[in-house]
Amino acid sequence: MADAAATAGAGGSGTRSGSKQSTNPADNYHLARRRTLQVVVSSLLTEAGFESAEKASVETLTEMLQSYISEIGRSAKSYCEHTARTQPTLSDIVVTLVEMGFNVDTLPAYAKRSQRMVITAPPVTNQPVTPKALTAGQNRPHPPHIPSHFPEFPDPHTYIKTPTYREPVSDYQVLREKAASQRRDVERALTRFMAKTGETQSLFKDDVSTFPLIAARPFTIPYLTALLPSELEMQQMEETDSSEQDEQTDTENLALHISMEDSGAEKENTSVLQQNPSLSGSRNGEENIIDNPYLRPVKKPKIRRKKPDTF
Amino acid sequence: MPLAGVEPARMNRKKGDKGFESPRPYKLTHQVVCINNINFQRKSVVGFVELTIFPTVANLNRIKLNSKQCRIYRVRINDLEAAFIYNDPTLEVCHSESKQRNLNYFSNAYAAAVSAVDPDAGNGELCIKVPSELWKHVDELKVLKIHINFSLDQPKGGLHFVVPSVEGSMAERGAHVFSCGYQNSTRFWFPCVDSYSELCTWKLEFTVDAAMVAVSNGDLVETVYTHDMRKKTFHYMLTIPTAASNISLAIGPFEILVDPYMHEVTHFCLPQLLPLLKHTTSYLHEVFEFYEEILTCRYPYSCFKTVFIDEAYVEVAAYASMSIFSTNLLHSAMIIDETPLTRRCLAQSLAQQFFGCFISRMSWSDEWVLKGISGYIYGLWMKKTFGVNEYRHWIKEELDKIVAYELKTGGVLLHPIFGGGKEKDNPASHLHFSIKHPHTLSWEYYTMFQCKAHLVMRLIENRISMEFMLQVFNKLLSLASTASSQKFQSHMWSQMLVSTSGFLKSISNVSGKDIQPLIKQWVDQSGVVKFYGSFAFNRKRNVLELEIKQDYTSPGTQKYVGPLKVTVQELDGSFNHTLQIEENSLKHDIPCHSKSRRNKKKKIPLMNGEEVDMDLSAMDADSPLLWIRIDPDMSVLRKVEFEQADFMWQYQLRYERDVVAQQESILALEKFPTPASRLALTDILEQEQCFYRVRMSACFCLAKIANSMVSTWTGPPAMKSLFTRMFCCKSCPNIVKTNNFMSFQSYFLQKTMPVAMALLRDVHNLCPKEVLTFILDLIKYNDNRKNKFSDNYYRAEMIDALANSVTPAVSVNNEVRTLDNLNPDVRLILEEITRFLNMEKLLPSYRHTITVSCLRAIRVLQKNGHVPSDPALFKSYAEYGHFVDIRIAALEAVVDYTKVDRSYEELQWLLNMIQNDPVPYVRHKILNMLTKNPPFTKNMESPLCNEALVDQLWKLMNSGTSHDWRLRCGAVDLYFTLFGLSRPSCLPLPELGLVLNLKEKKAVLNPTIIPESVAGNQEAANNPSSHPQLVGFQNLFSSSQDEEEIDMDTVHDSQAFISHHLNMLERPSTPGLSKYRPASSRSALIPQHSAGCDSTPTTKPQWSLELARKGTGKEQAPLEMSMHPVASTPLSVFTKESTASKHSDHHHHHHHEHKKKKKKHKHKHKHKHKHDSKEKDKEPFTFSSPASGRSIRSPSLSD
């Protein structure tokens, strides 16, 4: 019972949707059990000497009984799992009952009491088949560190992604046709929109709407748009040689940086200068040290040296 | 003609063998240029120069320097204030009052003005007097330091400012400035000796905004902040002696890239373009390696800089150790078409670094050596880089260009020698400009000049072998580098100058061969050779009878005598024969090696040793000849028209391996529209091994053939199935494959084929519907997503193809073009164009190639009457602020509109742009396009041709373009195209149209204004419109005399002014004077003689001549005046700032006093000369210019 509840809880969506429709086989199964419990409660009441009972009190008692039995099941399951088993044993039940404050020793006597009533077994209804969840994709196998008895992973679409498939168009011609017309439509719509929202020029004096040309607008720096590749193309290019570029700008920045910090250490600068005539020819080996006059730090004005003289 | 400019130069040439002799009485050794303030907002520059000179004559008392457009504040020599005069006759070539409007007159005057300030003749605009305190110092030939403070305000030439109008600091706006100009134009931005032959060492200092970089020549020694830390000063040292003309400057917020392969090479570009710069210059080191290897000489300078700037004057400009390029050459790795072009520019500039910058020239007439060598080694680089096919194709192209140009204009002379000023020696009498100075040359002529120079170098190579050629270059370079390292021996520096004689001498020393005939033929004389060849096969003698005729009478041709190679491909192989072309022998018998066709199949050996199977069924069974080629190696500058049978051309196309031969046969096959030609062309198209350019031209030939055989053509339109097979999907042949341009050969073919196909026409002379649909489908299915390269050029060519398919609209009684009657095909085309053009606004293509093609296509639609003709669209695209390619395309359309619709308004709009556009290149280009596609020509009636236009253009070339040589020459070209050499026919006859011959009592039409044809002339004279003048001639005569008086006065004025200064500066007491002075003073006066002679009709008796002279005084006088080296603007240019010291003020007044006195004196003096000249007039003269020639022949009306 507890097991059933647990699984039902896991497949929550299934039960929830089931409760709305009474014709569900699972519901029938549960109703039959409930009816049996009601019979049990009624017979116990008769045994205790009641002649009649209100329906509401019978229901309450049934509910209490069901709760009690459920609790026994749940606790027993806990005890059994606590000892690393999956199937509860008798001792699990006993411990449970003891724990619930029930005197186990009285049970055999109660079971053999004389005035007990025999109740027919509940009608045999099939254990409801848990409806198969919609399988989407392959469930992942357990990774090695998870024992196989653990529950399976849920469907990938519930927690990874939900791919949608369509029948692939296999005909190349149609494909190209579609791509072409799609692109053309997009382009036309876009340009029409741009033309409608902005200034236009027209080749025909009498009709300005059939072939609207977006008005030519001069740029402040025309060569940039003309020469630079579009952003998309730019990205591709940067991916290929961004590393180089960074190096370059870094050294440049460094040079500037040094010049800012270098507080008039003129002698150092001049010594750098003297090395320069033996330019880079000899330095080809050292790739990272590029000696180029344009990368050298900018010198401070010479006034600095004169100041001490005046002092 | 002005001897002033010529004589000293000629003296140099005579002594040229011994060494260079400077035309100046001093030697410049060092110059400092310091620009300490550059204001981008105001576009101004302030700075000073300091020239260190050593007098070479004891009595040096005046120093002439070049300077244009600079405002000179102060001149000091060795710290003493010096007086100076600033006079630039090129500012206004002819006096504004002058009503003279014929081009002959202008060209002479312009040449004279340029001569008057020509540094190669020792002249200059700026004349500085050596203070008397220093005379003793000078006599000891001690050093002089001339310190000149100057400023430039809104320069119109020489320095170009680019200041985009956006927010932010100048650096953020990408504002920059750079030096530019045509030939020696450094004088536009600082005072100097602006000659290629005056070398000195340099110290250059530029103080700029801290965010900017100043790039200049030589080594950057240091960069120092100014005290306020807001600016920095760049100090450059150039220790290799360099001519001022090779000094340059570029300042801007450049991004700096140190070449990863050669750290001494630095590249600069404008902000944001660094990735492009990196890619573009990544190739440069290979060019370096190539040149250094073939020249076995290191790059002469210790560093090299490339700067890429916007609004470039020319695409490539080479200066000492730096080159300035147009920023539009930059490209990314995805661009195919621009890559080879840019690399060629880089290679060209580098070649000029060796020859042109490091090695300079002695005089203008030696220019061809430098241009020749740099062009030649650039050709070698092309051969190595792009392969022999490309190289030969290029040579053929260049050869065709120069041949076409020379035949059109009458010749290009590489090495002009100007003998003593006699007109008959004028080597360029067929041209409408003088070739004595680079600054008077038409730009087109100069381009062709360079082209011819390198072709002639190639001819020399053919003669002496490449090995010797390179040895000669190496010798020149090593001499120069030895000389350049002689830091303190400036007399050695002339070794760095190349002269024609020096170059020829080292050729003969190295090779031991006499190339004098070759030089005489191609260098000392102009013209190309025109061969007509035909042949017959004599079966009996088994001899090929070849007939080679020459046309050497048409303009631009010359007679060729000497060896000529003929290659004959026979069945048994290919054989070379060298014929001797002699005076009178036309026929040449060439024995054949093979008997006529044998039946057995045998492979046929080709020239390159290859053996091929041929289908010989097409050939003549009796003849063993497959094809014949005349001068296959292009070792003569010639045009060959050769006749051979169509099958021979077809064999030549299929089997000759030389791309030039293939190209020639393709051209010839146009005349044979047969199925066999079609097959041969199609086979070539399909052959992958065939050179792609040949295949491309085969496309166009095939289209022409298909059109000629339209009635018998079978199968799908030409090339369609071919294209489908090559570029379309196998499964669906109407869809083109997704783009993959990895194979450039097929890329170019794929681009070209649709363009050629669109030229196909059906029997109704319309483009077949099938072809149009095909092209529209190509556009529709174009898919570039998986391509590594950009498809912008491809798409642009597809639009070109659409434009090519357009045929004239069928117009029903000139209805107005509206949308409703738009042809459905045109509607489709227009839809594509609209979409493309609009998409360009959102996703612009590289260099806006697509916009350019769209604009052209729209103009085609307008022209063919599908769309109403309207220039408004083009005018909006032509505005400043669009990319230059777009502007040029739009302007081209406006120019075309102006021509077709004869629109005065548009012409005015264009002329306005020529004067006011901020971009020099655009101004130049408009003139160029107007010249190429003129609204009218001299023999055409046009409503546009009126007096106002003449005046406007005259003003443009006379004074409006004084800041840009190239522009002025462009204006001259346009004027020539529109009006010819003589007085424009649309002008009313001048008031002086009739000359009264008092003795004979007859009216004579002023000879100088006789219109083009004699018949027309008489008609005009009989025309009633001329009667009023006839009636009122008496009055007119007198009034014009007055005018003459005025004109003469101004002449004397300026003459007096000049001669006064000559005298003032002379030191009569110095005995040594006579050595130096008389020559120059004579040379200043002599022009009067020659000028008088040249322009006076001499065949008349003297007395009538006198009258004619008076009568035509208005025409004549200014001519004489302009002949004088310092003709115009005498006082206004006397620049003397009030800031100058009192000392110089004193001088100033002094000048004026003298001037007044001299004026009268001079007046007399001149008349005396006039008489002299009349004496000379008796001598018969040959008039070489058409206009003056006509004036001799022109009959007087009375007769």
Side-chain angles (χ1 to χ4, degrees), chain A residues 172-173 176-177 179-181 184 187-188 190-191 194-195 201 203-207 210-230 233-234 237-238 241 244-245 248 252 273 277 279-281 283-284 290-296 298-303, chain B residues 164-166 174 213 219-220 222-227 232 256-258 263-264 266 272-276 278 302 310 327-328 330-334 729 731-732 735 780-781 783 818-819 830-831 834-835 837-839 841-844 846-848 858 867-868 872-873 876-877 879-883:
Chain A
Y172 183 76
Q173 185 170 355
R176 288 291 300 273
E177 179 84 49
S181 50
R184 173 172 299 219
E187 284 184 6
R188 187 175 300 155
L190 184 61
T191 52
M194 294 301 289
Q201 290 163 317
L203 298 174
F204 295 92
K205 287 256 156 35
D206 55 333
D207 186 333
T210 315
F211 295 111
L213 298 173
I214 302 174
R217 193 166 298 138
F219 298 94
T220 42
I221 304 182
Y223 60 84
L224 286 182
T225 45
L227 300 179
L228 286 175
S230 69
E233 294 164 332
M234 196 73 140
M237 276 190 7
E238 271 170 14
D241 58 9
E244 269 177 77
Q245 194 179 329
Q248 172 68 32
E252 215 173 299
L273 194 75
L279 267 173
S280 48
R283 292 201 184 185
N284 276 342
I290 298 177
D291 183 29
N292 183 291
Y294 293 94
L295 301 182
R296 275 176 222 151
V298 182
K299 290 186 189 174
K300 292 272 177 176
K302 292 193 175 165
I303 190 83
Chain B
S165 51
V166 265
V213 183
D219 293 309
L220 177 64
E222 57 178 352
T223 317
V224 185
Y225 277 111
T226 53
H227 301 317
K232 43 189 185 183
I256 301 171
L257 171 69
V258 177
H263 294 166
E264 54 274 64
T266 320
Q272 300 180 49
L273 299 176
L274 190 64
L276 303 185
K278 204 174 276 182
S302 55
D310 190 26
T327 194
N328 303 335
L330 294 175
H331 58 86
S332 70
M334 295 180 309
C729 304
S731 57
C732 32
I735 296 180
K780 182 178 167 190
Y781 292 117
D783 185 346
T818 60
L819 254 179
L830 207 50
E831 207 145 293
T834 312
R835 198 167 48 84
L837 195 54
N838 284 340
M839 276 309 286
K841 302 285 187 311
L842 308 171
L843 283 174
Y846 177 71
R847 288 190 80 154
H848 295 293
I858 290 175
V867 170
L873 178 77
S876 74
Y877 277 98
E879 267 174 49
Y880 179 67
H882 286 284
F883 187 65

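Just so it is clear: chains get the letters A, B, ... in the order the sequence lines come, proteins before strands, and each one is counted from 1. Keep in mind that this is a model prediction, so the values were computed, not measured.
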- Sort B/Lys780 into side chain, backbone, both or neither according to what part of it lies under 4.5 angstrom from a heavy atom of chain A. both

Counting heavy-atom pairs closer than 4.5 Å to chain B, which one of [options] comes out on top?
| options | value |
| --- | --- |
| A/Leu203, A/Leu190, A/Ile221 | A/Leu203 |
| A/Ala216, A/Ala179, A/Ala215, A/Ser181 | A/Ala216 |
| A/Leu213, A/Leu224, A/Thr225 | A/Leu213 |

Interface residue of largest heavy-atom contact number with chain A, from [options], under 4.5 Å:
| options | result |
| --- | --- |
| B/Leu273, B/Val166, B/Thr266 | B/Thr266 |
| B/Arg835, B/Arg847, B/His331 | B/Arg835 |
| B/Leu837, B/Leu843, B/Val213, B/Leu842 | B/Leu842 |
| B/Ile858, B/Leu330, B/Ile735, B/Thr226 | B/Ile735 |
| B/Ala872, B/Cys729, B/Gly174 | B/Cys729 |

- Donor-acceptor pair, side chain of B/Asn838 and main chain of A/Pro212, under 3.5 angstrom: yes

Check [X] against [Y] and note the closest heavy-atom contact, atom names and distance.
| X | Y | answer |
| --- | --- | --- |
| A/Thr191 | B/Met839 | CG2-SD, 3.6 Å |
| A/Pro222 | B/Phe883 | CB-N, 3.7 Å |
| A/Ala180 | B/Tyr781 | CB-CD2, 3.7 Å |
| A/Ile214 | B/Tyr877 | O-OH, 4.1 Å |

- Message: Can you tell me which portion of A/Gln173 sits under 4.5 Å from chain B's heavy atoms? Options are side chain, backbone, both or neither.
- Response: both

- Task: Quick one: sort the B/His882 and A/Phe219 rings into parallel, tilted or perpendicular, breaks at 30° and 60°.
- Result: perpendicular

Could you check if a side-chain atom of [X] sits within less than 4.5 angstrom of a side-chain atom of [Y], using non-hydrogen atoms only?
| X | Y | answer |
| --- | --- | --- |
| A/Pro229 | B/Tyr846 | no |
| B/Val224 | A/Lys300 | no |
| B/His263 | A/Asp291 | no |
| B/Leu830 | A/Phe204 | yes |
| A/Arg188 | B/Glu831 | yes |

- Task: Could you please spell out the steps behind the side chain to side chain contact (heavy atoms under 4.5 Å, CB included) verdict for B/Leu220 and A/Tyr294?
- Result: CA-CA 8 Å; B/Leu220 177 64; A/Tyr294 293 94; 3.7 Å; yes

- Rounded distance (nearest 0.5 Å) linking atom SG of B/Cys732 with atom CZ of A/Arg176: 7.5 Å

